[in-house]
Amino acid sequence: MKHSEAGSSKALPPPPPPVVPPSFVPVKASGSNRTPMARRGSGTKGQRIPLLTNHFNVKLSSTSDHFYQYSVAFFYEDGNPVEAKGVGRKVLDMVQNVYNSEMGGKGFAYDGEKTLFTVGPLPGTKLEFPVLLENLSSNRTARGGISDEVETKRSRRPPQSKSYTVKISYATKIPIQAIFNAIQGQDSEQFSEAVRVLDVLLRQHAAKQECLIVRQCFFRDDPKNYIGIGGGVLGCRGFHSSFRATQAGLSLNIDTSTTMIVRPGKVVDFLLENQNVRNIREIDWIKAKRTLKSLRIKSFPSNREHKIIGLSPKTCGEQTFSLKQKNGDSPSDAVEITVYNYYAKHHRIEVNQSRDYPCLDVGKPKRPVYIPLELCELLPLQRYTKALSNLQRASLVEKSRQKPRERMNALMGALKQSNYGADPVINSTGITISTTFTQVEGRILDPPKLKFGSGGDLVPRGAKKITCWAIVNFSARCNIDGLRRDLRRCSEAKGMDLEDAYDVIEESPQFRRASATVRVDKMVENMRKALPGPPLFVLCILPERKNSDIYGPWKRKCLVDLGSRTQCIAPMKINDQYLTNLLLKINAKMDGINSLLSMEHLHSIPLVSQTPTIIFGMDVSHGAPGRSDVPSIAAVVSSRNWPFISRYRASVRSQSSRVEMIDGLFKPIAPDQDEGMIRELLEDFYLSTPRLKPENVIIFRDGVSESQFNQVLNIELEQIMAACKFLDESWEPKFMVIVAQKTHHTKFFQTNSDYNVPPGTIVDNTVCHPKYNDFYLCAQNGPIVRTTRPTHYHVLLDQIGFSADQLQELVHSLSYVYQRSTTAISVVAPICYAHLAAGQMAQFVKFEDMSDSASSHSGSAAAGAGAGAGGINQLPKLHERTRSSMFFC
């Protein structure tokens with residue numbers, strides 16, 4: 001800012017603001033602030049059925065009280081903050097025991113980190129207490145690099161103790177009335193905070209019972225809860241417990257849960273099972289070091305606990321350390337001694353089983369502490385967070401499934417064992433938890449009628465004639481002549497025109513041990529020599545049933561480079577059912593339609609068949625836990641050939657790791673050029689219909705939690721709307737947004753039956769949200785051996801104007817248009833397709849080999865070269881012959 005040249009003169013006052021005319025209408029600022037829509041009504045169609053659900057009614061006796069929130073901090077004696085986990089609960093337990101009167105006699109709920117809650121205020125807004133903890137398990141080392149358990153015995157010192165300072169300061173207060181306001185359907189900003197306090201109460205109660213706590217899931221150390229799945233890993237059965245606001249009031253939702261833990265017991269026994277070897281001599285110690293790091297052990301004979309940081313560089317019989325010895329009352333010079341000799345001489349234990357193998361290091365990086373393997377046991381309830389193998393996953397599913405009646409009995413047992421009524425802190429809130437399942441009324445929707453072609457048999461409609469196709473065999477043991485014969489026989493019976501394969505290309509034996517990319521390249525060379533041109537379709541026979549390293553490179557080669565659609569198989573047993581399922585996939589990939597809804601064929605779907613409508617399915621696939629270097633894959637599928645809703649195409653992008661919101665929906669790079677996913681799909685809809693733009697846009701979104709609903713409405717939907725406006729400024733389609741959730745804990749049971757609820761069961765009352773529009777649907781026919789999981793649908797926005805019955809029937813019908821199945825699936829087909837598309841692109845792309853100049857998506861026009869936002873390398877563009885196909889089916 002420039003100053004006036006006349007320093008003595010006063011600056012002129014600013015001019016008065018202009019007069020606002022009375023007819024002025026404010027213009028809404030850009031940027032949306034949408035919130036989920038309220039329920040407009042409940043459905044009425046379907047046969048009514050009485051059900052039970054795993055929600056237990058909760059009564060609150062007082063509404064005038066407040067939850068008081070306090071920040072809590074822990075410090076060592078020297079003033080440094082405590083960073084170690086697990087210390088807080090022990091310190092606060094001591095505070096409650098020693099300073100009960102100073103705390104006003106109040107109990108509190110501690111969240112395990114930096115916050116605690118009370119019912120009513122503490123005596124002061126700032127409190128400070130010194131605390132002395134004795135016998136606290138630690139990794140403090142004694143002189144010489146041996147754990148202090150031995151040194152303590154030799155020197156007759158008192159047990160280790162530590163001094164802490166606890167500082168508690170007032171943060172805010174939360175009215176319990178907020179819970180009642182939310183239950184009555186009123187907006188309550190503090191409802192989530194109040195329910196969080198109640199959930200913290202449950203976690204603290206579980207901690208006092210020495211449970212393993214994983215968010216709101218609790219697991220007890222009881223061998224009856226263990227499920228062996230191989231590799232030294234156990235599935236540990238426990239239960240989930242959380243409070244929810246429902247139309248029937250506040251409820252406690254309890255469900256069974258399973259987490260992975262390492263098998264407790266001898267460390268050597270765990271390593272043998274983990275590496276699938278029979279003798280300790282066969283153990284890979286480099287792998288063992290990675291596996292054992294950060295696990296907790298108990299050492300003998302002192303029963304002290306330690307945390308493993310690694311292994312000793314040498315064996316127990318060779319690893320030395322400096323030991324300072326005592327000569328009377330004065331210390332003498334240090335002597336070098338091996339770990340083996342130390343235990344033999346000073347502890348009278350000969351660790352012969354560990355002599356030739358590394359010791360566990362339980363010290364610190366610059367001050368190691370070595371303990372022989374055979375003196376260590378893994379403590380129970382330690383989570384196993386690495387990815388499970390396919391065999392482990394299959395074993396877990398097989399052994400952890402429960403029939404409906406078994407699950408109900410397990411839930412009643414969990415509620416009884418928890419004994420929440422005996423917790424004084426929970427009682428101080430005025431909470432009373434019912435001990436009976438909540439009764440709800442469900443409705444059984446009639447299944448939609450399907451058209452399979454002529455007659456009732458499975459005859460694919462619109463089956464494509466498949467002429468130029470081939471079979472490639474990557475050294476799999478398979479009767480290929482029999483497969484060719486049976487495949488043609490079965491296809492003729494199902495109405496498909498599948499000609500005999502042009503040729504069978506076998507892998508050259510000399511390349512069987514080569515890398516996957518080399519094997520694929522050599523196979524493609526052989527295929528080009530044997531065929532007159534690129535085949536329209538290739539049936540690929542893989543040698544491994546699961547996790548074949550050929551799968552990804554082969555898919556990429558066919559879909560990106562050759563433009564050939566492909567189906568991979570690894571047949572163990574070939575029968576007519578196997579061949580029928582195989583033909584369903586092949587026909588869908590080759591642009592055929594296996595089945596249609598009758599009302600789709602008759603153009604009688606309410607509000608969809610009469611008005612051009614596009615249906616989106618959206619999902620994001622993330623890498624394995626802990627792999628922050630692997631990008632997430634976002635996929636959007638869209639319906640085509642309106643008024644049909646059974647065929648879809650996909651657009652797929654990579655984005656920053658673990659990011660759930662899709663950021664590639666709208667990507668304008670010039671005034672007339674948008675390289676986003678939505679434009680690609682809208683253009684495909686326009687070309688696949690009689691050149692019509694959709695007037696209705698129905699969006700199904702998977703994989704988001706309730707806390708992300710506003711982001712879906714105000715970020716993702718805003719991008720979709722912007723993409724529409726970018727195509728045509730005057731175009732104003734109507735939108736509907738529905739979120740589908742499978743990872744919830746609500747289950748339904750028949751009152752007088754041991755079987756699952758019937759397929760088509762829908763619930764939109766009692767346990768649904770007191771204000772927002774949601775419902776539960778069990779579209780699928782649940783298996784007898786486990787309990788059906790319903791899908792929880794949340795309707796966030798409806799500008800189209802569906803009635804409750806119309807919307808519920810549409811969602812139900814979309815569960816039947818999945819082209820890989822002839823029955824209903826558990827979630828609408830567009831979401832399932834998006835999940836498949838994201839998963840397949842993640843499978844066949846090796847990100848470290850991706851070209852920086854590759855296109856950013858799998859659809860049509862290229863979407864920009866080089867790395868995307870945040871330096872994420874982009875996915876390759878599919879070949880023009882495959883990009884609009886259902887390659888993911």
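All of these numbers come straight from a predicted model, not from anything done at the bench.
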- Query: Would Phe802 and Val811 satisfy side chain to side chain contact (heavy atoms under 4.5 Å, CB included), going step by step from the backbone distance to the final call?
  - Reply: CA-CA 12 Å; Phe802 282 91; Val811 171; over 6 Å; no

- Message: Between Gln741 and Glu706, is the side chain to side chain contact (heavy atoms under 4.5 Å, CB included) condition met? List the steps.
- Response: CA-CA 9 Å; Gln741 291 180 332; Glu706 294 176 22; 3.9 Å; yes

- Message: Apply side chain to side chain contact (heavy atoms under 4.5 Å, CB included) to residues Thr246 and Thr766 and explain how you reach the verdict.
- Response: CA-CA 6 Å; Thr246 68; Thr766 311; 5.9 Å; no

- How far apart are the C-alpha atoms of Phe644 and Ser639, what are their side-chain angles, what is the distance that settles it, and do they pass the side chain to side chain contact (heavy atoms under 4.5 Å, CB included) test? CA-CA 8 Å; Phe644 298 110; Ser639 60; over 6 Å; no

- Would you please test Thr44 and Asp805 for side chain to side chain donor-acceptor pair (under 3.5 Å) and show each step? CA-CA 7 Å; Thr44 59; Asp805 283 324; 2.8 Å; yes

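A salt bridge links Arg405 with Asp754; the closest basic N to acidic carboxylate O contact falls under 4.0 Å. Between Asp798 and Lys734, none of the side-chain N atoms (NZ, or NE/NH1/NH2) sits under 4.0 Å from a carboxylate O, so this pair counts as no salt bridge. Ion pairing between Asp255 and Lys747 holds under the 4.0 Å rule for side-chain N and carboxylate O. Asp111 and Arg196 are joined by a salt bridge, as a carboxylate oxygen and a charged side-chain nitrogen come within less than 4.0 angstrom of each other.
Scanning both residues, Leu252 and Ser241, for their nearest heavy atoms gives CD1-OG, 3.4 Å. Of all heavy-atom pairs between Ser651 and Met677, the closest is O-CE, 3.1 Å. Looking at every heavy atom in both residues, Met412 comes nearest to Thr435 through CE-O, 3.0 Å. Here the closest heavy-atom approach between residue Gly760 and residue His812 is recorded as CA-NE2, 3.7 Å. Here the closest non-hydrogen pair linking Asp764 and Gly43 is OD2-N, 2.8 Å. Across Ser632 and His622, no two heavy atoms sit closer than the pair OG-ND1, 2.7 Å.
Checked by atom type and distance alone, the side chain of Ser257 never pairs as donor or acceptor with a backbone atom of His240 at under 3.5 Å. Side-chain atoms of Arg701 never come within 3.5 Å of backbone atoms of Val737 as a donor-acceptor pair (strictly under, hydrogens ignored). Listed for the Asn765 side chain is no donor-acceptor partner under 3.5 Å among the backbone atoms of Ser42. Not a single donor-acceptor pair under 3.5 Å links the side chain of Arg40 to the backbone N or O of Gly801. Gln719 places a side-chain N or O within donor-acceptor distance of the main-chain N or O of Phe666, the cut-off being under 3.5 Å. In this structure, the side chain of Asp423 does not engage the main chain of His205 through any donor-acceptor pair within 3.5 Å. The main-chain N or O of Met599 is found under 3.5 Å from a side-chain atom of Ser604 such that the two form a donor-acceptor pair. The backbone N or O of Gly664 sits nowhere less than 3.5 Å from a side-chain atom of Gln655 that would complete a donor-acceptor pair. Side chain of Thr53 to backbone of Phe748: no donor-acceptor contact under 3.5 angstrom is found. A donor-acceptor contact shorter than 3.5 Å is absent between the side chain of Ser815 and the backbone of Ser826.
In this structure, the side chains of Gln840 and Val652 stay at 4.5 Å or more apart for every pair of heavy atoms. Side-chain contact between Tyr384 and Ile261 is absent, with no heavy-atom pair separated by less than 4.5 Å. Side-chain atoms of Val620 and Ile662, non-hydrogen and from C-beta on, do get closer than 4.5 Å to each other. Proximity of Leu250 to Leu198: side-chain heavy atoms (C-beta onward) are separated by under 4.5 Å at one or more points. A 4.5 Å side-chain heavy-atom check between Gln209 and Gln417 finds every atom pair outside the cut-off. Contact annotation: the side chain of Leu201 never approaches that of Phe117 to less than 4.5 Å [non-hydrogen atoms, C-beta and beyond]. Thr613 places none of its side-chain heavy atoms less than 4.5 Å from the side chain of Pro643. Residues Phe67 and Glu193 form no side-chain contact, since every pair of their non-hydrogen atoms from C-beta on lies 4.5 Å or further apart.
No hydrogens or angles considered: a donor-acceptor pair under 3.5 Å links the side chains of His792 and Asp774. Defined by atom type and a distance below 3.5 Å, a donor-acceptor pair is missing between the side-chain atoms of Asn253 and His745. In the model, Asn594 has no side-chain atom that pairs as donor or acceptor with a side-chain atom of Thr822 under 3.5 Å.
Taking the six-membered ring where the residue is Trp, Phe888 and Tyr833 present tilted rings, their angle falling between 30° and 60°.
Atom CZ of Arg820 has more than 12 heavy atoms from other residues, nucleotides or ligands within 6.0 Å. More than 12 heavy atoms of other shown residues, nucleotides or ligands fall within 6.0 angstrom of atom NZ in Lys742. Around CD of Gln610, the count of heavy atoms belonging to other residues, nucleotides or ligands within 6.0 Å exceeds 12. Applying the 6.0 Å contact sphere to CD of Gln439 captures no more than 12 heavy atoms from other residues, nucleotides or ligands. The environment of NZ in Lys59 is sparse: at most 12 heavy-atom neighbours from other residues, nucleotides or ligands sit within 6.0 Å. For Lys403, the NZ atom sits in a loose shell: 12 or fewer heavy atoms of surrounding residues, nucleotides or ligands are nearer than 6.0 Å.
Listed by chain and number, the residues in a salt bridge (charged side-chain N to carboxylate O under 4.0 Å, His left out) with Arg647 are Asp591 (sequence neighbours excluded).
The ring-ring contact (aromatic ring centres under 6.0 Å, His included) with Phe56 is formed by just one residue from the set Phe437, Phe243, Tyr420; it is Phe437. Between Val712 and the options Met661, Glu718, Arg34, a side-chain contact (heavy atoms from CB on, under 4.5 Å) holds for only Met661. Just one of Val58, Ile174, Leu60 meets the side-chain contact (heavy atoms from CB on, under 4.5 Å) condition when paired with Ile179; it is Leu60. Across Leu713, Leu796, Ile800, Leu717, a single residue satisfies side-chain contact (heavy atoms from CB on, under 4.5 Å) together with Phe735, and that is Leu717.
Going from atom CD of Glu809 over to atom CD1 of Ile762 covers 9.0 Å, rounded to the nearest 0.5 Å. Remark: Ile229 CD1 to Gln392 CD distance equals 5.0 Å, nearest 0.5 Å. For the atom pair CD (Glu398) and CG (Leu396), the distance works out to 10.5 Å, reported to the nearest 0.5 Å. A distance of 8.5 Å separates CG of Leu814 from CD1 of Ile738, quoted to the nearest 0.5 Å. Distance check, rounded to the nearest 0.5 Å: CD of Gln402 to CE of Met408 gives 12.5 Å. Between atom OG1 of residue Thr751 and atom CG of residue Leu52 there is a gap of 6.0 Å, rounded to the nearest 0.5 Å.
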